[in-house]
Student: 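One structure follows; several queries about it will come next.
A, B, ... follow the sequence lines: proteins, then strands. Residue 1 opens every chain.
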Amino acid sequence: MSTVLVRGEEFTQLPPDLYIPPDALEVILESFSGPLDLLLYLIRRDNLDILDIPIAEVTRQYMVYVELMKAVKLELAADYLVMAAALAEIKSRMLLPRPAQADEEEADPRAELVRRLLLYERYRTAVEQLDARPRIGRELHLVAVPVDGRRTERPPPQVRMDDLLEALRSVLTRAAAFAHHTILREPLSVRERMTQILDRVRVDGYTEFSALFDPGEGRRGLVVTFLAILELSREALVSFVQNDAFAPIHIKANTHE
Amino acid sequence: MSDIQLKHILQAALFAAGEPLTLERMVALFGEEAPPDRATLLAALAEVEQDCQGGPLELQRIENAYRLQTRREFAPWLNRLFAERPARYSRAVLETLAIIAYRQPVTRGEIEAIRGVAVSSEIIRALTQREWIRQVGAKEVPGRPALYGTTRAFLEHFNLKSLEELPPLAEVHAEANAGLSDSELPEEAEGTEGPPAAAGPDTP
Amino acid sequence: MSDIQLKHILQAALFAAGEPLTLERMVALFGEEAPPDRATLLAALAEVEQDCQGGPLELQRIENAYRLQTRREFAPWLNRLFAERPARYSRAVLETLAIIAYRQPVTRGEIEAIRGVAVSSEIIRALTQREWIRQVGAKEVPGRPALYGTTRAFLEHFNLKSLEELPPLAEVHAEANAGLSDSELPEEAEGTEGPPAAAGPDTP
């Protein structure tokens with residue numbers, strides 16, 4: 001039998017012959033999930049054979065419940081009323097005399113109802129089985145222990161050089177469409193060197209001018225470094241300091257912090 | 001990996017994950033460095049399972065993933081650990097869920113035909129929010145009603161390896177079906193004849 | 001309690017709790033039915049600790065509470081378990097990164113002038129947090145805008161020894177910009193002419 005909740009308390013069984021006072025209607029509405037459920041309850045309660053339902057008696061009992069439901073929750077009673085109408089129809093058809101040559105099975109107006117009841121009952125049994133399964137948070141609990149030394153790894157975005165170049169191409173195309181100046185025409189090597197020098201003088205503070213040049217780079221390297229320093233100076237990112245004539249020239253990063 | 005064993009790494013991952021781990025995720029634990037092959041992994045998992053013997057945990061498979069969980073014998077003690085009582089679901093919700101689980105993909109109308117009562121939107125919404133069901137498509141009939149199916153989270157929550165592990169639908173009164181053959185039953189439930197009028201949500 | 005041991009109940013609780021458990025909470029697991037006394041509990045906890053030996057877990061005491069956690073040695077594998085999915089960069093982020101790579105040191109205003117649209121703070125923040133760009137200084141113009149450049153991590157990601165290994169702009173340019181003659185480009189790349197005036201203040 002289904003379980004019934006009365007103000008949160010659980011009853012495993014309905015009283016054997018429940019007469020329902022109106023204030024217990026909540027109980028019915030909650031304990032029966034629909035007209036088929038109620039019908040099954042009535043049939044099972046009286047230990048009737050589902051295949052041989054005494055329609056008249058079942059209908060009478062059914063109507064008692066439905067009348068009570070109507071009094072309280074009309075919108076919920078709708079489905080029950082449809083069933084009541086179906087029951088009434090079956091009852092009336094059973095009262096009619098049968099045509100002599102009618103096929104017996106087809107002639108039984110209960111057949112469709114029985115089919116639905118049997119199908120419904122299969123699922124009702126399935127519900128009980130499903131509900132009885134061990135569930136997470138009820139019978140079973142998941143294991144999740146903390147990880148010592150955990151830190152969130154953030155894998156690098158999947159960017160390939162092609163993506164970068166493609167982005168650059170589109171930006172250049174766009175820039176060409178609206179800009180008149182030839183941005184992005186600077187030699188990369190000077191720009192890179194500017195970053196390197198700026199970095200160095202920011203870390204080292206005063207840095208000797210000559211120390212920024214690496215003779216190993218050859219003449220071109222020296223020129224690039226020199227151009228980079230001039231450009232940094234022009235953009236006022238660095239300044240030069242010389243204490244005396246012919247004293248070593250120092251470079252420092254401009255900071256106003 | 002030195003003397004840290006594969007088994008221990010898998011155990012650690014299963015202890016820490018808090019959700020089922022697929023074999024792919026287990027392989028990914030090893031990054032580039034000599035990831036174990038499938039057979040080695042499965043052998044190590046068998047060891048993990050063996051280590052659980054006699055202890056409070058068990059290794060459970062959900063589809064192609066594995067998790068560690070406490071055995072149900074421990075529920076009486078563990079339920080005292082949590083102030084929150086496990087959620088209870090109404091019969092209407094469970095019936096709807098069971099019908100979706102067994103008959104998926106299924107429309108609301110078909111569920112109503114079986115239950116003999118309107119299925120409220122709240123029920124569908126509650127099950128969807130719980131992520132136990134999801135819309136898996138639309139039926140090619142007028143109105144194109146949504147078709148529902150269960151999710152991986154449903155299997156996880158009800159501790160099912162797969163849908164096949166659902167107990168078979170009981171054959172109630174199988175011996176006599178009031179003139180209906182067994183083979184006929186599933187067909188009808190397919191909803192081929194359309195929901196009976198009584199099941200419509202909009203009938204007075 | 002039959003043959004379920006106290007030790008196993010504690011283990012189950014420690015596995016399932018998800019937070020450190022005090023002795024009081026452990027006692028509360030047993031409800032009314034003969035809760036263990038403190039000495040018994042501590043002895044059982046010692047057993048739990050012993051069971052961890054040789055495995056991937058350890059019993060950690062935090063103030064007056066206990067929890068099971070994976071040993072530190074397993075962090076390298078486990079951190080892969082929780083690794084975030086690699087982000088996908090939007091077009092705006094890629095363009096910004098490309099401009100910074102080729103034009104560094106460069107201000108946000110200059111990037112905006114080239115892109116023709118505003119560069120949001122989120123873009124700069126995303127690239128900075130990724131450690132692909134960093135502030136390398138501030139430009140000596142009113143407002144002292146930050147100058148950005150690429151990092152070593154950027155070079156490493158793209159497998160470049162130095163920025164000079166970036167594909168020459170000429171190639172990119174030639175494809176993109178029909179307005180510039182090809183002959184002009186190699187000359188620029190040589191760097192013999194000084195930086196053009198366009199590199200000046202970044203008025204958008």
Student: Quick one: what part of B:L57 sits under 4.5 Å from any heavy atom of chain C, side chain, backbone, both or neither?
Tutor: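 Answer is side chain: those atoms of B:L57 sit under 4.5 Å from chain C.
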Student: State whether the side chain of B:R61 and the backbone N or O of B:E63 hold a donor-acceptor pair below 3.5 Å, judged by distance alone.
Tutor: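 Here the side-chain-to-backbone pair exists.
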Student: Give the member of B:L78, B:D51, B:T70 that has the highest number of heavy-atom pairs under 4.5 Å with chain C.
Tutor: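 Most heavy-atom pairs under 4.5 Å with chain C: B:L78.
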Student: Taking C:E165 for its side chain and C:L160 for its backbone only, find out whether a donor-acceptor pair lies under 3.5 Å.
Tutor: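 Judged by distance alone, no pair lies under 3.5 Å.
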Student: Is the closest side-chain heavy-atom distance between C:I133 and C:L97 below 4.5 Å?
Tutor: yes
Student: If you count heavy-atom pairs under 4.5 Å with chain B, which of C:A28, C:G54, C:P56 comes out on top?
Tutor: C:P56
Student: Between the side chain of B:E110 and the main-chain N/O of B:V106, is any donor-acceptor distance below 3.5 Å?
Tutor: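 Looks like no, no N/O pair under 3.5 Å.
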Student: Quick one: which residues of residues 118-131 of chain C reach chain B at under 4.5 angstrom, heavy atoms only?
Tutor: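 None at all.
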Student: Look only at the side chain of C:R71 and the backbone of C:G55, and say whether a donor-acceptor pair between them is shorter than 3.5 Å.
Tutor: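 Yes: the side chain of C:R71 pairs with the backbone of C:G55.
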Student: Restricting to non-hydrogen atoms, name the atom on C:M26 and the atom on C:Y66 that form the minimum distance, rounded to 0.1 Å.
Tutor: CE-CD1, 3.7 Å
Student: Could you list which of residues 13-24 of chain C have a heavy atom closer than 4.5 Å to any heavy atom of chain B, in residue-number order?
Tutor: C:A13, C:F15, C:A16, C:A17, C:L21
Student: Write down the atom of C:T107, the atom of C:P145, and the distance for their closest heavy-atom approach.
Tutor: CG2-CG, 3.8 Å
Student: State the CD-CG distance between B:Q11 and B:L6, to the nearest 0.5 angstrom.
Tutor: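 If we round to the nearest 0.5 Å, B:Q11:CD and B:L6:CG are 10.0 Å apart.
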Student: Please name the pair of heavy atoms, one in C:L155 and one in C:S162, separated by the smallest distance, quoted to 0.1 Å.
Tutor: CD2-C, 3.8 Å
Student: Apply the test side chain to side chain contact (heavy atoms under 4.5 Å, CB included) to residues B:L163 and B:Q104: give CA-CA distance (whole Å), side-chain angles for both, the deciding distance (0.1 Å), then the verdict.
Tutor: CA-CA 10 Å; B:L163 283 177; B:Q104 58 189 302; 3.1 Å; yes
Student: Do you know the tightest heavy-atom contact between B:Y148 and B:V136?
Tutor: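 So the minimum-distance heavy-atom pair works out to C-CG2, 3.9 Å.
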